[in-house]
Amino acid sequence: MAAFAGNCYLTSSSRLNPTNFRQSLIPSSPCYCYYVVARFNEIVTKHLLEGALDTFKKYSVKEEDIDVVWVPGSFEIGVVAEKLGKSRKYQSILCIGAVIRGDTTHYDAVANSAASGVLSAGMNSGVPCIFGVLTCDDMDQALNRAGGKAGNKGAEAALTAIEMASLFEHHLK
Ligand SMILES: Nc1c(NC[C@H](O)[C@H](O)[C@H](O)CO)[nH]c(=O)[nH]c1=O
Ligand SMILES: CC(=O)[C@@H](O)COP(=O)(O)O
């Protein structure tokens, strides 16, 4: 049996190779995406956003098909993502935030709420909601993942958003 990925059918042997499914990286056209970005630790989240926008540009997603909304912190991302998802106007919702450990257990509450909020938003709306929220021990770790030594996790999350939008658009309808 062949599996459909992007524009080509894969034979059963190639179907077993997950890298073949990168062919799903043909953005749906138009590829409407909403970015929900937390303002908290903006010094980090603005770089994650830049990375994500660069990736969309690289994959020829039109600027006018992307909207950005800023929310106070990562805790607020889920409720906004779910509302946007339920509007059915977007093929993916890319959630960006940076939770950085402090002295108390507050970090765990915010990080876990952000993760479960984004997960619920996707499950309840049926629209892929992508988790581009860093959960780091310190600012160095965060900056390294926002365009520093460890790459740009915003750019990686954007790739996931394109792949999931394409999967839903082309294969799961
Ligand atoms: N400490 C961090 C927060 N805290 C703020 C919360 O997200 C929220 O806005 C507040 O509790 C009001 O509901 N947010 C982050 O994104 N990152 C943090 O490190
Ligand atoms: C999410 C956090 O870690 C932070 O803003 C809270 O810091 P603290 O635990 O020192 O109050």
Side-chain angles (χ1 to χ4, degrees), residues 25 27-28 31-59 61-168:
L25 280 175
S28 51
C31 182
Y32 297 121
C33 182
Y34 225 114
Y35 290 23
V36 184
V37 191
R39 215 166 33 234
F40 207 101
N41 292 322
E42 187 185 333
I43 185 153
V44 177
T45 59
K46 70 178 182 197
H47 292 306
L48 296 172
L49 174 60
E50 279 162 14
L53 289 169
D54 282 352
T55 297
F56 269 57
K57 204 188 256 177
K58 214 182 281 172
Y59 281 85
V61 177
K62 292 193 196 118
E63 214 165 299
E64 63 261 31
D65 292 345
I66 302 165
D67 286 311
V68 181
V69 60
W70 288 84
V71 296
S74 297
F75 188 83
E76 282 74 36
I77 290 175
V79 67
V80 175
E82 183 160 332
K83 192 169 170 71
L84 291 169
K86 284 182 172 168
S87 75
R88 314 300 302 177
K89 290 186 191 147
Y90 307 96
Q91 276 124 341
S92 66
I93 315 285
L94 177 46
C95 302
I96 290 177
V99 192
I100 301 179
R101 200 180 286 281
D103 296 331
T104 69
T105 57
H106 187 70
Y107 165 91
D108 300 288
V110 176
N112 290 330
S113 303
S116 59
V118 174
L119 175 64
S120 301
M123 303 296 270
N124 294 336
S125 66
V127 172
C129 291
I130 310 307
F131 190 62
V133 179
L134 297 181
T135 55
C136 297
D137 286 335
D138 52 43
M139 183 57 83
D140 257 11
Q141 267 188 2
L143 290 171
N144 280 337
R145 286 158 180 75
K149 280 187 268 187
N152 190 314
K153 300 293 172 189
E156 288 176 25
L159 220 46
T160 303
I162 293 172
E163 181 170 352
M164 290 298 285
S166 166
L167 188 63
F168 272 61

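Atoms within each ligand, like the ligands themselves, are counted from 1 in listed order.
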Report yes if some N/O of Phe75 lies less than 3.5 Å from some N/O of ligand 1; otherwise report no.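 Checking ligand 1 against Phe75, an N or O pair does fall under 3.5 Å apart.
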Polar-atom distance check: Ile100 versus ligand 1, any N or O pair below 3.5 Å?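 Yes, there is a polar N/O contact under 3.5 Å.
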Is atom CE of Met123 surrounded by more than 12 heavy atoms (other residues, nucleotides or ligands) closer than 6.0 Å?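 Counting other residues, nucleotides and ligands, CE of Met123 stays at 12 neighbours or fewer.
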Does [Y] offer a backbone N or O that forms a donor-acceptor pair with the side chain of [X] under 3.5 Å?
{"X": "Glu82", "Y": "Val79", "value": "no"}
{"X": "Ser120", "Y": "Ser116", "value": "yes"}
{"X": "Asn152", "Y": "Ala155", "value": "yes"}
{"X": "Thr45", "Y": "Ala38", "value": "yes"}
{"X": "Gln141", "Y": "Asp137", "value": "yes"}

[X] versus [Y]: any side-chain heavy-atom pair under 4.5 Å?
{"X": "Phe131", "Y": "Leu119", "value": "no"}
{"X": "Leu48", "Y": "Tyr35", "value": "no"}
{"X": "Arg101", "Y": "Asp108", "value": "yes"}

Of all the atoms in ligand 1, which lie at a distance below 4.0 Å from a heavy atom belonging to Asn41?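 Answer, ordered by atom number: 17 (N), 18 (C), 19 (O).
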Proximal ligand 1 atoms for Ala98, defined as those under 4.0 Å from one of its heavy atoms: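 So the atoms of ligand 1 that pass are 15 (C), 16 (O), 17 (N), 18 (C), 19 (O).
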Which heavy atom of the protein is the closest neighbour of atom 16 (O) of ligand 1, given with residue, atom name and distance?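 I find the closest protein heavy atom is Ser74 OG, 2.6 Å.
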Nearest neighbour in protein (non-hydrogen) for atom 14 (N) of ligand 1: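 The closest heavy atom on the protein side is Phe40 CG, 3.4 Å.
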Heavy-atom nearest option to atom 13 (O) of ligand 1, drawn from Arg101, Met139, Glu76: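 Shortest heavy-atom distance from atom 13 (O) of ligand 1: Glu76.
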Heavy-atom distances under 4.0 Å decide this one: backbone, side chain, both or neither, for Val99 against ligand 1?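 Looking at Val99 and ligand 1, atoms from backbone and side chain both fall under 4.0 Å.
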Listing by chain and number, which residues have a heavy atom under 4.0 Å from ligand 2?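 Shell around ligand 2 (4.0 Å, heavy atoms): Phe40, Ile100, Arg101, Gly102, Asp103, Thr104, His106, Tyr107.
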Lys46/Glu50 under salt bridge (charged side-chain N to carboxylate O under 4.0 Å, His left out): CA gap, chis, key distance, verdict: CA-CA 6 Å; Lys46 70 178 182 197; Glu50 279 162 14; over 6 Å; no
